[in-house]
Amino acid sequence: MASVSEGMWCYTIINPPETETYNEMQLKQDLEKGEVNVKIDTLKKVIQLLLQGERLPNLLMTIIRFVLPLQNHTIKKLLLIYWEIVPKTSADGKLLQEMILVCDAYRKDLQHPNEFLRGSTLRFLCKLREPELLEPLMPAIRACLEHRHSYVRRNAVLAIFTIYKNFDWLVPDGPELIATFLDTQQDMSCKRNAFLMLLHADQERALNYLASCLDQVNSFGDILQLVIVELIYKVCHANPAERSRFIRCIYNLLNSSSNAVRYEAAGTLVTLSTAPTAIKAAVSCYIELIVKESDNNVKLIVLDRLIALKENENIERIMQELVMDVLRVLSATDIEVRRKTLALAMDLVSSRNIEEMVLVLKKEVSKTHNVEHEDTGKYRQLLVRTLHSCCIKFPDVAATVIPVLVEFLSDSNELAAGDVLVFVREAIQKFSHLQPLVIEKLLESFPAIKSSKIHRTTLWILGEYANSVQDVMEVIGMINRTLGEVPIVEAEQARLDGNDAEEEQKKTAEVVNNTNTKVTSDGTYATQSAFSVAPVAKKVARPPLRQYLMDGDFFVGATLATTLTKLALKFLRLEPNEKKQNRVCSCAMLVMSSVLHLGKSGLPTKAITNDDIDRIYLCLKTLSLRTPEIVDIFVASCRESLASMLSAQNDEKLQAQKDKQQKNAAKIQPDDPIAFTQLADGKNDQLGENVFELSLNQALAGTKPTGLTDVASLNSKLNKITQLTGFSDPVYAEAYVHVNQYDIVLDVLIVNQTNDTLQNCTLELATVGDLRLVEKPHPVVLAPNDFCNIKANVKVSSTENGIIFGNIVYDTTFSSNVVDLNTIQIDIMDYILPATCTDTEFRSMWVEFEWENKVSVNTTLTDLHDYLRLLLNSTNMRCLTPEKALSGQCGFMAANMYARSIFGEDALANLSIEKSLDRPDAPVTGHIRIRAKSQGMALSLGDKINHTQKCLQGKSVAA
């Protein structure tokens, strides 16, 4: 089957606008007596009919007599297609006598003065598989090697290469002839084709030629340099002793003017040498490619190659010295390129270059202040998180980073400011010596903060870590300044009263007496007076905390009460003077009671909620009673909870890193077979690029292995085969479904199980969902008990389940028949990958996404954790809830899950399940809520979960 598919020809197909019946006599008459345009149209129809399975043997001689002698270029091109597909042999397999005349026409075209005709004929001869036709043409083909035009010469080389590969006895001196031709050529395309033939036909001659011009390789064209890289790679792998001879050439090609050559040379260099200088040169070449290449797709591909290189421990040590070069990639504007660059730099940074990296990141932070771009906010957030990771990984630089990051608190981008506070909270907890610096910077930035959420978090940090009397008083003073005059209700009422008086005066001053003369219905004159008042909207400027309260955001008020309570309790411990103690406590209680009064006064746009009232009452009661247990919760327990949370996060990161290392570690059992690449059968280039990928992965020694058995594994393909028809159907069909990133390739095997010839056997396909058939498969002719492979491409544009269905239509001698095909289900899991996001991002997306699908839990499983694992495996989602939060048995479980498709679509899920502790055998109950931006993704994920649950129930019933 493989040999048949390799020998299949690739036809040039001209699609007819509509199918119409043909008359062979009319076709013959048009070819004989028609004008040139009529002959062109008729010849096209004949080609279409041949492609549809018609034989038309009576037209062959007509075309030879009346069409072949014409010199029209369009007819010449169509004739080349016609000669390629027309049957050239009789029923007994012998060459038709008429083909002798055609062979003479080939020879004349090979000697034609027009170089286009010569070149196109030579290209056509590459497709011929009849040595009887090629043998008389060999002198003319050889003569074309000396033609003045390079188009003819390079196609003559390709023709000799193909003929030598298929019928070497027709040109036994082919390698010698091409080697002589290569020595005298100056045109790069001719040299490339000649060198390519020597590469595959006689590597020794190719090596000799390369050795003779090693110093001139840099001056060659890129097409020839690519072939030279391929030759060096193959030779050095076959014979490692040749590495020293050609490694210098690869080094030189790293400086080629062609980016494609440099990329291939760098990849080859990594596989041929593990020397630090070679690795450093290859990595530097990759970085230069990323910086200078404008295409973002190329940048991402090369970045992925660098990330793969980093997985090797030995290469990672060398790459650590090039961190500053990697950071040059941040000059790109694409956010995905920047994200991968920062992640790579963070993995490579060491104590030797952390300070330089921090300086670069500081400059990048300063660049984002005055740049307005759609991704500027996301880039700032990336920079903040990277600096956060730098400080946690290398605490010595935290003192220089904190002042830079605190400036972000006044930024309008709430996401970046939120990440800064997450970092500040962790830094002030872990590095006690930095607490005075952090408190000072937060107090400086506090009045400029523009978001209530940022103000709340900042208040919590100040209240928790202001440990000295001076710090406590400074924080209380800052709160009073940003809150304004208290009591708040009286101050606001006074402001309103003052404004009302001013507005009354303005109304009096702005009254305008407009007098107009009017004519009444009876013809008399009358005057009309009107008073107009121009309304003036005046926005009252208030301190930030008071403005939040007036806007109805009393969650800030609850946070303010908690902060003041903590500060007052700390002041009581630090300050022995009772009068000062009472003054601070009374001021704090006045602010809290004032907030409560304001919330119930009706002045704010929204009234205070009951939760906020309860919280403020609790704080007032704590300050008045000062119960030791409650005081201890306010003063000590909050910080202990934060320390536990940070410790759990750190443990989770360490565990994830450990799992990754274990996953990457090579697991080889004692009885596993050993595969030697040197002993692999590489004849006829069957391995091709797979050898390169295999050796590159071996060089990386940490990435996922792509062995030869993985590339062409029969088992992996058999698992993806879908049977389309029954074994008893006249036509049997099965499809191998290969899912790429954005398209699906269907390789359909069609077998004729009858003793009749099937004419116009056509695979007709249709799709349901966001799938689109790229092109309609063309009809074929199947001999009795014959088979063929038909490929169809389906384009995918979004993440949702799809269905491909259709039928096979064919004609026999007596009738037309149809065989319906089984449907092919396209699984959404092929496009969904596990991903991570922060709790804040999860909540914001949960609110933003409008499509929700609620799936009820219907399973026979009795363990909550088993059901969660089943759900994660079946949906490719990642659980965002920490493992420690899910540990233990309490009868219920709530977990958040997240995944992202290859199209950039996000999928969120919330699992809420429970089971009765009184009944150990009771099944898990509950529901799963799925949210996504698109309806298709939400529904498809729900269908996948329901299908998994049904399959599990079916297994349990069968058991």
Side-chain angles (χ1 to χ4, degrees), residues 1-13 15 50-53 85 87 129 684 686-688 690 708-769 771-796 802-813 815-827 830:
M1 187 165 134
S3 61
V4 173
S5 62
E6 287 175 7
M8 296 280 292
W9 296 340
C10 179
Y11 296 131
T12 304
I13 297 172
N15 274 326
L50 285 173
L51 290 174
Q52 291 173 7
I85 63 177
R129 295 295 183 270
N684 299 326
Q686 291 174 353
L687 304 181
N690 298 334
L708 300 177
T709 54
D710 297 329
V711 174
S713 172
L714 290 175
N715 291 332
S716 62
K717 287 192 174 184
L718 289 174
N719 291 333
K720 295 184 179 180
I721 286 179
T722 303
Q723 184 177 342
L724 301 180
T725 63
F727 291 113
S728 60
D729 286 324
V731 176
Y732 173 75
E734 64 182 24
Y736 166 61
V737 184
H738 180 63
V739 179
N740 294 324
Q741 273 205 332
Y742 301 107
D743 62 341
I744 301 168
V745 179
L746 299 179
D747 189 354
V748 184
L749 170 66
I750 298 178
V751 182
N752 178 10
Q753 300 192 112
T754 67
N755 294 324
D756 300 325
T757 299
L758 305 185
Q759 302 284 345
N760 297 331
C761 185
T762 307
L763 176 66
E764 296 182 347
L765 297 174
T767 59
V768 174
L771 307 174
R772 182 173 59 85
L773 192 65
V774 177
E775 59 181 349
K776 182 181 178 182
H778 297 283
V780 296
V781 178
L782 282 178
N785 301 309
D786 194 8
F787 66 91
C788 70
N789 285 77
I790 298 177
K791 290 191 176 182
N793 289 324
V794 178
K795 213 70 179 172
V796 186
I803 299 174
I804 302 174
F805 63 96
N807 50 48
I808 294 176
V809 182
Y810 63 91
D811 298 333
T812 60
T813 309
S815 63
S816 296
N817 301 277
V818 177
V819 178
D820 292 328
L821 302 180
N822 188 19
T823 57
I824 301 174
Q825 302 283 343
I826 303 304
D827 195 354
D830 293 323

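Just so we're clear, the structure is a prediction, and the values are computed from it rather than from any experiment.
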### Query
Between atom OG1 of Thr767 and atom CZ of Arg772, what is the distance when rounded to the nearest 0.5 Å?
9.5 Å

### Message
Let me confirm one number: the CG-SG distance from Asp786 to Cys761, rounded to the nearest 0.5 Å.
### Response
10.5 Å

Do [X] and [Y] touch side chain to side chain, with heavy atoms closer than 4.5 Å?
{"X": "His738", "Y": "Ile744", "answer": "no"}
{"X": "Val768", "Y": "Thr823", "answer": "no"}
{"X": "Val781", "Y": "Thr757", "answer": "yes"}
{"X": "Ile808", "Y": "Thr762", "answer": "no"}

Ignoring hydrogens, what is the shortest heavy-atom contact between [X] and [Y]? Give both atom names and the distance.
{"X": "Phe787", "Y": "Leu749", "result": "CD1-CD1, 3.7 Å"}
{"X": "Leu771", "Y": "Ile803", "result": "CD1-N, 4.0 Å"}
{"X": "Pro730", "Y": "Tyr810", "result": "CG-OH, 3.3 Å"}
{"X": "Asp747", "Y": "Lys791", "result": "OD2-CE, 3.8 Å"}
{"X": "Leu773", "Y": "Leu765", "result": "CD2-O, 3.8 Å"}

### Residues Leu758, Thr812; criterion side-chain contact (heavy atoms from CB on, under 4.5 Å); working and verdict
CA-CA 5 Å; Leu758 305 185; Thr812 60; 3.8 Å; yes

### Query
Between Ile750 and Val780, does a side-chain contact (heavy atoms from CB on, under 4.5 Å) hold up when you go through it step by step?
CA-CA 10 Å; Ile750 298 178; Val780 296; 5.8 Å; no

Report, one line per pair, each donor and acceptor closer than 3.5 Å where one atom sits in a side chain of residues 721-728; sequence neighbours left out.
unit_1	atom_1	unit_2	atom_2	d
Gln723	NE2	Thr725	O	2.8
Thr725	OG1	Val731	O	3.1
Thr725	OG1	Ala733	N	2.8

### Query
Quick one: do the Asn752 and Thr754 side chains pair a donor with an acceptor below 3.5 Å?
yes

